[in-house]
Amino acid sequence: MLYALYYPQAIKPEDTRYPHTSAQPFQFTIERMRHYMGAWHSMTAVLFPDYLFFDCEKDAAEEAKGKLEEELNRDQEIKQRLPLVPIPAELSEFLYALCDQEHHIPMSRGIIKDGSAHVTEGPLTGYDDRIVRIDRHKRLAWLKYSDAVTRNFAKDSTSVLVAGLEITERVS
């Protein structure tokens, strides 16, 4: 089961201050393109920057949560509680379908044909129907993770994921 721990203080999973537990935390990342110094460059961005994820049973996730709260509250008078959120199975399966072993979503490429996007290579291949918005300038795509979600909602909705998508040509 996949769990998320809301932790905006930004201790990253590779941080040496993170207490070691049986459940190791990770973050989902995406490959995206940025334009600077006159050229496009590939970079890695965190998909959910304020969350740490655990793929384990609930007991192990609760243990990791407790140790992280101890570390966080060690030198503070006001004790903070961190919410542990179970990730819905549909979102969890979709994330794992897109990610590689390191929880990274590589860049995809596609074309625009007859007004709609068709992904030709990369992890988004086969998910053309889930794309709800494309920003060709920033080379990003917003995907709905559930078929139950309607297609007309804001790009910053909690029902969408962002992934890198470069449109290489437009075919009439």
Residue list, ring pair (Phe, Tyr, Trp, His ring centres under 6.0 Å) with [X], at least two apart or on another chain:
X: Tyr96; result: none
X: His41; result: Tyr36
X: Tyr51; result: Tyr6

_Give me each pair satisfying salt bridge (charged side-chain N to carboxylate O under 4.0 Å, His left out) with a member in residues 112-127, each pair once, sequence neighbours excluded._
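Pairs touching residues 112-127 that pass the test: none.
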*asked:* Does anything in residues 162-172 form a salt bridge (charged side-chain N to carboxylate O under 4.0 Å, His left out)? List the pairs, not counting sequence neighbours.
replied: Arg109-Glu166, Arg139-Glu166
*Residues in side chain to side chain donor-acceptor pair (under 3.5 Å) with Thr44, at least two apart?*
none
*asked:* Strictly by ring pair (Phe, Tyr, Trp, His ring centres under 6.0 Å), give each pair with a member in residues 106-129 just once, sequence neighbours left out.
replied: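 Pairs touching residues 106-129 that pass the test: Phe94-Tyr127.
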Mind checking side-chain contact (heavy atoms from CB on, under 4.5 Å) for [X] and listing every partner two or more places apart, or none if nothing turns up?
X: Asp100; answer: Glu102, His104
X: Ala45; answer: Ile30, Arg32
X: Glu62; answer: Lys58, Lys65, Leu84
X: Cys56; answer: Ala23, Phe54, Ala60, Ala61

_Closest non-hydrogen atom pair between Ser92 and Ile87, with its separation_ =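 That closest heavy-atom pairing would be N-CG2, 3.9 Å.
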